[in-house]
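Step one of this worksheet: look at the structure below.
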Amino acid sequence: MIFDIFKKKRTNDQSVAARLTDIMNQRPNNLHMVIYIKDQILFQVMPAKNFKDKGLNAQNPNDFVAIHFFNKNKTLTFDKLEKLKSLDLEKDYFRYEDPQGNFNYLKIIGQNPIEIEKEIYANFKDIYELDDFKEITINYADY
């Protein structure tokens, strides 16, 4: 099942938190939020249970994580990898490389839609240094 909030033309002006609340009330099995810039994935938000086999130790497997991954094919954001490597992220981010050359940074962000929305917007500013969100699209899908 796919839950779209932003398409190429922003037809849904509902906030991320409000849309996420609506979707969570439908009790999805494995909700993924895929955040795009232009046609490339910027980052994703999904349940921590998807990363247990990677070694992520989450107290609640249904908590959401923001996953930032970088590889040379992500031409619009690969330059942000060095920024993440240079910051002291050990306490906030779980890191792993899989497959080789694909660098993954995960941060547990809980289940509160308002806090998840705040984290998404903080990532736009703090990691990706975006000021203009008009090229951002968000797709919601349940797997």
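Everything numeric here is computed off the predicted structure, so don't read it as measured data.
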- Task: Take Asn50 and Asn30, measure what side chain to side chain donor-acceptor pair (under 3.5 Å) needs, and give me the verdict at the end.
- Result: CA-CA 9 Å; Asn50 292 296; Asn30 193 5; 2.9 Å; yes
- Partner set under side-chain hydrogen bond (donor to acceptor under 3.5 Å, both in side chains) for Glu129, not counting sequence neighbours: Lys80, Lys83
- Compare all side-chain heavy atoms of Val16 with those of Met33 and state whether any distance is below 4.5 angstrom. yes
- Task: Check the hydrophobic clustering (I, L, V, M, F, W, Y; side-chain heavy atoms under 4.5 Å; chains of links allowed) and say if Tyr96 and Ile108 are grouped together.
- Result: yes
- Query: Applying the 4.5 Å side-chain criterion to the ILVMFWY set and letting contacts propagate, would Leu81 and Tyr93 be lumped into a single cluster?
  - Reply: yes
- Message: Within this structure, what is the NZ-CG distance for the pair Lys107 and Leu56, rounded to the nearest 0.5 Å?
- Response: 13.5 Å
- Distance flag, aromatic centroids of Tyr128 and His68, threshold under 6.0 Å: yes
- Message: With rounding to the nearest 0.5 angstrom, report the NZ to CG distance, Lys118 to Asn123.
- Response: 14.0 Å
- Item | Proximity of Tyr143 and His32 rings by center, below 6.0 Å | yes
- Do Leu20 and Tyr140 come within less than 4.5 Å of each other through their side chains, counting heavy atoms only? yes
- Task: Look at Asp131 together with Lys125 and state whether they make a salt bridge at an N to O cut-off of under 4.0 Å.
- Result: yes
- Any side-chain heavy-atom pair from Asn104 and Phe51 closer than 4.5 angstrom? no
- Query: Atom CD1 in Ile67, atom CG in Leu106: separation rounded to 0.5 Å?
  - Reply: 4.5 Å
- Message: Quick check: closest heavy atoms across Asn73 and Asn71, and the distance to 0.1 Å?
- Response: N-OD1, 2.9 Å
- For the ring pair Tyr105 and Phe94, is the centre-to-centre distance below 6.0 Å? no
Identify all side-chain donor-acceptor contacts of residues 40-47 below 3.5 Å with residues at least two apart in sequence or on another chain.
| unit_1 | atom_1 | unit_2 | atom_2 | d |
| --- | --- | --- | --- | --- |
| Gln40 | OE1 | Thr75 | N | 3.3 |
| Gln40 | OE1 | Leu76 | N | 3.2 |
| Gln40 | NE2 | Thr75 | OG1 | 2.8 |

- Message: Quick one, Leu130 and Ile136 - any side-chain contact, counting heavy atoms below 4.5 Å?
- Response: yes
- Note on the structure: Scanning both residues in full, the closest heavy-atom pair of Glu117 with Ala17 reads OE1-N, 2.6 Å
- Message: Assess the residue pair Phe64 and Glu119 against the criterion (side-chain contact (heavy atoms from CB on, under 4.5 Å)); give the C-alpha distance rounded to whole Å, side-chain angles, the decisive distance to 0.1 Å, and a yes or no.
- Response: CA-CA 11 Å; Phe64 284 89; Glu119 183 68 24; over 6 Å; no
- Message: Is there a path of hydrophobic side-chain contacts, each under 4.5 Å between heavy atoms of I/L/V/M/F/W/Y residues, joining Phe70 to Ile37?
- Response: yes
- Item | Atom pair CD/CG of Glu135 and Asp39 - distance to nearest 0.5 Å | 10.0 Å
- Task: Find out whether Asn112 and Ile116 are in side-chain contact, i.e. whether some heavy atom of one side chain is under 4.5 Å from a heavy atom of the other.
- Result: no
- Message: Does Lys74 qualify as a cation-pi partner of Phe78, given the criterion of NZ or CZ under 6.0 Å from the six-membered ring centre and within 45 degrees of its axis?
- Response: no
- Any pair with a residue in residues 52-62 that passes side chain to side chain donor-acceptor pair (under 3.5 Å), sequence neighbours left out, goes on the list, sorted by first then second residue, please. Lys54-Asp98
- Roughly how far, to the nearest 0.5 Å, is OG1 of Thr77 from CD1 of Ile127? 10.5 Å
- Please assess Tyr121 against Phe133 for the test ring pair (Phe, Tyr, Trp, His ring centres under 6.0 Å), listing each intermediate value before the final yes or no. CA-CA 10 Å; Tyr121 283 103; Phe133 304 146; 5.5 Å; yes
